There are 2 protein chains.
Amino acid sequence: MEKKIIETQENILDAARTIFAQKGLAGARMQEIADRAGINKALLHYYYRSKEKLFEQVFEEAFKKLIRPLAAFLADDSELFQKIRNICKHYNKILIQYPFIPNFIINEINTNPNRIINLISFEGVAEGKQKTMAQIQTAVKSGKIRPIDPRELIMNIISLSVFPFASRPITGQFLYKNEDMDQILKSRADSVADFIIQSIKI
Amino acid sequence: MEKKIIETQENILDAARTIFAQKGLAGARMQEIADRAGINKALLHYYYRSKEKLFEQVFEEAFKKLIRPLAAFLADDSELFQKIRNICKHYNKILIQYPFIPNFIINEINTNPNRIINLISFEGVAEGKQKTMAQIQTAVKSGKIRPIDPRELIMNIISLSVFPFASRPITGQFLYKNEDMDQILKSRADSVADFIIQSIKI
DNA sequence: ATCAAATTTAACCAGTTGGTTAAAAAAAAT
DNA sequence: ATTTTTTTTAACCAACTGGTTAAATTTGAT
C-alpha cells in the first residue's frame with residue numbers, strides 16, 4: 001500500500017508544481033491539478049486539505065531548492081574564484097532542471113510578501129553570507145580583486161545566474177529566435193563565471 | 001467635462017497598474033480596482049468593457065516602457081562603452097520609477113505565452129539588435145574588447161540591470177535587511193556599467 | 001434653466017471555484 | 001474471507017466574480 005500512497009502523493013505534487021509555477025496560486029485550479037495528477041477532486045482534497053496547504057508545500061520546497069545550495073556555497077571554504085565558479089555552475093544545473101522556480105518564487109512573494117517571513121533566517125544562510133562577504137573584503141584589501149561592495153558582487157552573481165532563466169520567455173524570443181535555448185542556457189554556466197571573474201580580477 | 005473624463009480614466013489605469021502588477025491578471029479583482037480608483041464597478045465597466053481589455057492596455061503599456069528604450073539604445077550610434085553606460089543608466093532610472101514592471105511582464109508572459117506574439121517584431125527592435133551585435137563583433141575583432149558572444153553580452157547587460165529590481169522582495173531581504181533599497185538600487189546605475197566594461201575591456 | 005454626459009445605487013445573474021459529503025467500488029493488507 | 005484503506009462517483013453548496021441593467025442623481029456645458 002505504501003508505494004501507491006507515495007506514488008499518488010508524488011503525482012499530486014508533480015501536477016501542483018507544474019500548474020502553480022505556470023499560473024500562480026490565484027490562477028491555478030484544483031480541478032486542473034487533479035486532472036493532471038490523474039485523480040479526481042475528492043481525492044485531491046483527501047490528501048491535501050486545501051489549495052493553500054498544497055501551495056505552501058510546493059512553494060516552500062521550491063524556495064529551499066534555491067536558497068539551500070546558495071547558503072551552502074556561501075558557507076564553504078573554497079577560494080573566492082572557485083566559489084564563484086561553483087555557484088554559477090550549480091545554479092545553471094539546477095535551473096536547467098527547474099527553470100520555472102525563480103519566476104514562481106519572485107512572483108508569489110510579490111503577490112504576498114508575508115510568505116517570506118517564515119523563510120528568512122534560514123538554515124545558516126546569514127552566516128554563509130557574512131563569511132563570503134568577509135572573504136570578498138579581504139580579497140579587496142589584499143589587492144587580489146578590484147574594489148567592489150561585497151553585496152553588490154553577490155547580487156551580480158545571482159543576477160547573471162538566475163535572470164536568463166526567469167526571463168527566458170521574453171529574452172529567448174528576443175535574442176535567440178527559435179533556437180535551442182536549453183543548449184544556450186547550459187553553455188552559459190562557465191562563461192558567466194568567467195565574465196564575473198574577469199571583471200573583478202586585477 | 002473633458003478633464004473629468006481623462007482624470008477618471010487615468011485613475012482607473014493607475015489603480016489597474018498597481019493591482020495587476022501586484023496580483024496578476026488572475027488574482028486581480030475588478031471591485032478592488034474600482035475601489036482604488038475611487039469609483040464603483042458599474043463605472044469601471046462603463047469605461048473598460050472587460051477585465052481582459054483593461055489588462056491588455058495596462059500590459060502593453062508596461063511592455064512598451066521596457067522594450068522601446070532598449071530598442072532605441074541598441075539602435076543609436078554611440079560608441080560601445082558609452083552605449084552600455086546609457087542602457088544601464090536608463091534602465092536604472094526607469095525601474096526606480098516603475099519597479100514592478102519586469103516581474104509583471106515576465107510573469108504574465110509565463111502564464112500566457114500567446115501575449116508575446118503580438119509584441120515581437122516591435123518597432124525596429126530587431127534592427128537595433130543587429131546593429132549592436134555587429135558593433136560588438138567589430139569591437140572583438142579589432143581587439144577593443146575580449147572575445148564574447150554578442151548576445152551573451154546583451155543578456156548580461158539586461159540581467160544586471162533588471163534582475164535586482166525584479167528580485168527585490170527577496171534579495172532585498174536577504175542582502176540588505178531593512179536598509180534603504182531605493183538608495184542602494186539607485187547607486188547601482190554606474191557601478192553596473194563599470195562592472196560590465198571592466199569585464200570585457202582589454 | 002436646460003440638456004447631455006458622468007456617476008451612483010442597488011439589485012441581479014450566470015458561471016466558476018474551493019470544498020464537502022456519503023455511498024459505492026476497487027485495491028491491498030490481514 | 002474479512003477488514004481496512006484508497007479511489008471513484010456524483011451530487012451538492014456557499015461564496016465569489018465578472019458583468020449587466022435600469023433608474024436615479026450629480027455634474028458640467030450651453
Side-chain angles (χ1 to χ4, degrees), chain A residues 1-62 104 107-108 110-112 114-115, chain B residues 1-62 104 107-108 110-112 114-115:
Chain A
M1 215 58 166
E2 276 294 292
K3 272 183 194 169
K4 275 255 166 147
I5 291 182
I6 292 172
E7 202 183 304
T8 301
Q9 279 181 329
E10 200 47 50
N11 285 344
I12 292 174
L13 286 176
D14 269 345
R17 282 179 205 122
T18 306
I19 305 290
F20 280 138
Q22 203 177 105
K23 313 200 167 179
L25 172 58
R29 298 287 161 251
M30 291 299 267
Q31 186 61 61
E32 202 180 352
I33 293 174
D35 289 348
R36 180 172 261 265
I39 58 168
N40 52 47
K41 210 174 56 164
L43 192 63
L44 176 57
H45 278 94
Y46 171 82
Y47 275 97
Y48 295 88
R49 274 186 221 166
S50 70
K51 189 185 184 183
E52 180 70 24
K53 286 275 167 209
L54 177 57
F55 179 84
E56 270 168 28
Q57 183 160 339
V58 169
F59 180 81
E60 202 173 313
E61 180 192 289
F104 172 58
N107 193 63
E108 226 57 49
N110 190 44
T111 303
N112 180 2
N114 284 3
R115 244 176 254 289
Chain B
M1 216 58 164
E2 275 295 292
K3 273 182 193 171
K4 276 256 165 150
I5 291 183
I6 291 174
E7 201 182 306
T8 301
Q9 278 181 329
E10 200 48 49
N11 285 345
I12 293 174
L13 285 177
D14 269 345
R17 281 180 204 121
T18 306
I19 304 291
F20 279 138
Q22 201 177 106
K23 314 200 166 180
L25 172 58
R29 298 286 161 251
M30 290 300 267
Q31 185 63 59
E32 203 180 350
I33 294 174
D35 289 347
R36 180 171 260 266
I39 58 168
N40 52 45
K41 211 173 54 162
L43 191 62
L44 177 57
H45 278 94
Y46 171 83
Y47 275 96
Y48 294 88
R49 273 185 221 166
S50 70
K51 189 185 184 184
E52 179 69 24
K53 286 274 168 209
L54 177 57
F55 179 84
E56 269 168 28
Q57 183 161 338
V58 169
F59 180 81
E60 202 173 312
E61 181 192 288
F104 172 59
N107 194 61
E108 225 57 47
N110 191 44
T111 303
N112 180 3
N114 284 2
R115 244 175 256 288

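In what follows, every chain begins at residue 1, and chains take the letters A, B, ... in the order their sequences are listed. Because the structure is a prediction, the values reported are computed rather than measured.
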Just distance, no hydrogens or angles: give the donor-acceptor pairs under 3.5 Å from side chains in residues 15-30 of chain B, sequence neighbours left out.
| from | atom 1 | to | atom 2 | distance (Å) |
| --- | --- | --- | --- | --- |
| Arg17(B) | NE | Glu61(B) | OE2 | 2.4 |
| Arg17(B) | NH1 | Glu10(B) | OE2 | 3.2 |
| Arg17(B) | NH1 | Asp14(B) | OD1 | 2.6 |
| Arg17(B) | NH2 | Glu10(B) | OE2 | 3.3 |
| Arg17(B) | NH2 | Glu61(B) | OE1 | 3.3 |
| Arg17(B) | NH2 | Glu61(B) | OE2 | 3.1 |
| Thr18(B) | OG1 | Asp14(B) | O | 3.0 |
| Lys23(B) | NZ | Glu32(B) | OE1 | 3.3 |
| Lys23(B) | NZ | Glu32(B) | OE2 | 3.1 |
| Arg29(B) | NH1 | Ala26(B) | O | 3.2 |

- Item | Separation of atom CD in Glu7(A) from atom C1' in dA28(C), rounded to whole Å | 14 Å
- Length of the NZ-C1' vector between Lys51(A) and dT16(C), whole Å: 11 Å
- Message: Short of 4.0 Å, heavy atom to strand atom, which residues of residues 15-42 of chain A count as contacting DNA chain C?
- Response: Ala28(A), Arg29(A), Met30(A), Lys41(A), Ala42(A)
- Minimum-distance nucleotide (side-chain atoms of Tyr46(B) versus dG18(C), dT7(D), dT7(C)): dT7(C)
- Message: Applying side chain to side chain donor-acceptor pair (under 3.5 Å) as the test, list every pair that has at least one member in residues 50-59 of chain B; sequence neighbours left out.
- Response: Glu52(B)-Arg115(B)
- Message: In this structure, how many angstroms lie between the P atom of dG18(D) and the NE2 atom of His45(B), rounded?
- Response: 7 Å
- Message: Output the rounded distance in Å from CG (Leu44(B)) to P (dG18(D)).
- Response: 10 Å
- Option among Ile12(B), Leu54(B), Leu13(B) that satisfies the side-chain contact (heavy atoms from CB on, under 4.5 Å) test with Tyr47(B): Ile12(B)
- Task: With sequence neighbours excluded, give me every side chain to side chain donor-acceptor pair (under 3.5 Å) pair touching residues 33-44 of chain B.
- Result: Gln31(B)-Asp35(B)
- Query: Quick one: CG on Asn110(B) to CG on Asn107(A), what's the gap to the nearest 0.5 Å?
  - Reply: 8.5 Å
- Provide, to the nearest angstrom, the distance between the CG atom belonging to Leu43(A) and the P atom belonging to dT8(D). 6 Å
- Message: Just so I know, are the side chains of Ile39(B) and Asn11(B) near enough to count as touching, which here means a heavy-atom distance under 4.5 Å?
- Response: no
- Query: Closer than 4.0 Å, any side-chain N/O of Thr8(A) to the OP1 or OP2 of dT6(D)?
  - Reply: no
